[in-house]
Amino acid sequence: MLPVLQIGPLSIRTPGLVLLAGLWAALEMASREGVRRGIDGNKVYNLGFYALVAGVLGARMGFVLFHSLLYIRITPLSRFVGSVFSPTPGTEVPWVGVLLAAGVAAYLIWRWRLDPLALADSFAPAFAIMGIAIGLADLLSGNMYGMETRLPWAIDLWGAARHPTQLYLALACAANLAVLLRLRSKEDALPPGSLFQVSLVILSLAVLLIEPLRADSPVLIAGVRTWQVIALGVLVAALAGFAWRAPAAQPDGGP
Amino acid sequence: MPKTRLDWIVITIVALILGGVWIGLTRALPGQATPAARSPAPEIGHSAPDFTLTALDGSEVSLSDFQGQPVVLNFWATWCPPCRAEVPALQSVSESLAGEAVILGVSLQESPSTVSQFAEEFDITYPVVLDQSGQASLAYRVRSLPTTYLIDERGVVVEVFSGSLNEPLIRTRLDQLSGQ
């Protein structure tokens with residue numbers, strides 16, 4: 001864990017740095033993958049960037065709206081504005097950000113007449129890269145920490161030897177990226193959108209397996225872990241997507 | 001590789017059933033989701049290390065004096081701009097939650113006169129203690145300013161913030177604590 005890197009008078013927040021690097025790499029990758037599929041790379045890059053900005057702003061505005069009674073009490077105006085727009089971690093409502101980012105992405109896909117399935121395939125490796133960055137950033141900040149264990153690869157965190165759940169996530173995303181890059185060579189034989197669906201299957205399986213090893217896992221009800229429920233929903237949706245697009249019967253002459 | 005729709009439907013249903021069973025089997029056990037108090041350490045899930053320091057009025061103040069109510073333990077210095085920026089928010093929360101939660105400011109290695117002057121300038125009424133030797137900041141491994149520890153009514157560290165806080169953030173976290 002190394003949340004702050006002190007270089008002389010300069011305090012660098014390492015998780016933010018890793019996330020920024022991951023974001024840059026992810027957008028670059030998506031852009032190149034878009035070009036491979038005949039989509040304008042700049043449009044892919046910009047779509048990712050605008051969706052991200054919308055997501056960040058939406059998450060913050062969601063927090064401000066849901067806690068508006070707290071915000072309107074802040075005086076004077078300069079303090080109110082500072083509170084609304086200051087980059088204070090922990091003042092976000094993520095699902096509002098996700099909804100707004102999805103809305104902006106959908107609008108740009110329609111406006112720029114992009115093929116959504118080819119675009120999804122282009123973004124699949126980018127999501128894997130962001131997953132790696134999120135895992136490493138959480139490792140540096142000490143978030144998403146694991147349960148105590150005596151396994152030889154345990155890491156010392158928050159005063160105990162723990163499962164490196166952040167590294168498990170990063171490794172699962174790296175494996176996901178490797179699978180996607182390998183499948184890419186066979187992409188012509190697969191229907192558009194398949195890489196994205198495969199990516200969703202791998203990631204949701206990883207979350208289903210890793211989440212029980214987390215010590216700070218959010219719980220929905222009766223001990224059921226929130227992220228496992230979301231992951232199962234995504235897994236079923238991705239598999240149902242395969243079912244929906246598969247032929248009703250095997251073509252004649254097939255084995 | 002499954003080829004027909006029926007193959008995929010079967011796989012989807014099997015995945016749903018197995019996933020549901022797995023989620024049920026790996027549910028968080030009672031007490032597992034919330035960290036129990038452990039040995040004192042400035043880390044989430046551990047008892048907050050106690051300290052006794054001198055307040056601006058000359059009295060001795062210990063962190064353990066506030067056990068039984070949530071504490072926002074704020075390490076700061078007068079020369080630190082983000083610390084100065086968050087003082088109005090801390091003061092406002094302190095006024096609105098008097099008796100329900102405590103804001104405790106720990107001034108890092110500054111003279112009493114400098115801190116007193118600052119407290120007067122910013123109308124600070126919440127308790128401020130002077131860590132002149134740096135013993136508390138050392139015990140809490142403070143690496144950057146401001147650093148704030150949210151401590152629950154049992155004296156357990158529940159969240160650590162690096163950087164400036166604002167009023168809604170402090171209020172929502174304290175509301176969450178009181179709702180537990």
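Quick note on labels: first sequence line is chain A, next is B, and so on, each numbered from 1. FYI, side chains are in, hydrogens and waters are out, and symmetry mates aren't considered; it's all heavy atoms of this structure.
B:Val106 is not listed as a side-chain neighbour of B:Tyr140, based on a closest heavy-atom distance of 4.5 Å or more. Within the 4.5 Å cutoff, the side chain of A:His163 has heavy atoms near those of the A:Leu151 side chain.
Using a 4.5 Å cut-off between heavy atoms, A:Leu235 contacts chain B through its side chain alone, with no backbone atom that close. With a threshold of 4.5 angstrom between heavy atoms, B:Ala89 approaches chain A through its backbone and through its side chain.
For the set A:Leu205, A:Leu209, A:Val229, A:Val64, the entry with the most heavy-atom pairs within less than 4.5 Å of chain B is A:Leu209. Of the listed residues B:Ser92, B:Gly24, B:Pro88, B:Ser96, the one with more heavy-atom pairs under 4.5 angstrom with chain A than any other is B:Pro88.
Counting only N and O atoms by type, the side chains of B:Gln67 and B:Arg154 include no donor and acceptor under 3.5 Å apart. Looking only at atom types and distance, the side chain of B:Gln117 has no donor-acceptor partner in the side chain of B:Glu121 under 3.5 Å away. No donor-acceptor contact under 3.5 angstrom links the side chains of A:Gln166 and A:Asn143, judged on distance only.
Among the residues in residues 13-21 of chain B, those with a non-hydrogen atom closer than 4.5 angstrom to a non-hydrogen atom of chain A are B:Ala15, B:Leu16, B:Gly19, B:Gly20.
Test B:Ile170, B:Asn166, B:Leu165 against B:Pro168 for side chain to side chain contact (heavy atoms under 4.5 Å, CB included) and you get one pass: B:Asn166.
Ring-plane geometry between B:Tyr149 and B:Phe75 is classed as perpendicular, the angle between the planes exceeding 60 degrees on a 0 to 90 degree scale with a lower cut at 30.
No side-chain donor-acceptor contact under 3.5 Å links A:Arg162 to the backbone of A:Thr149.
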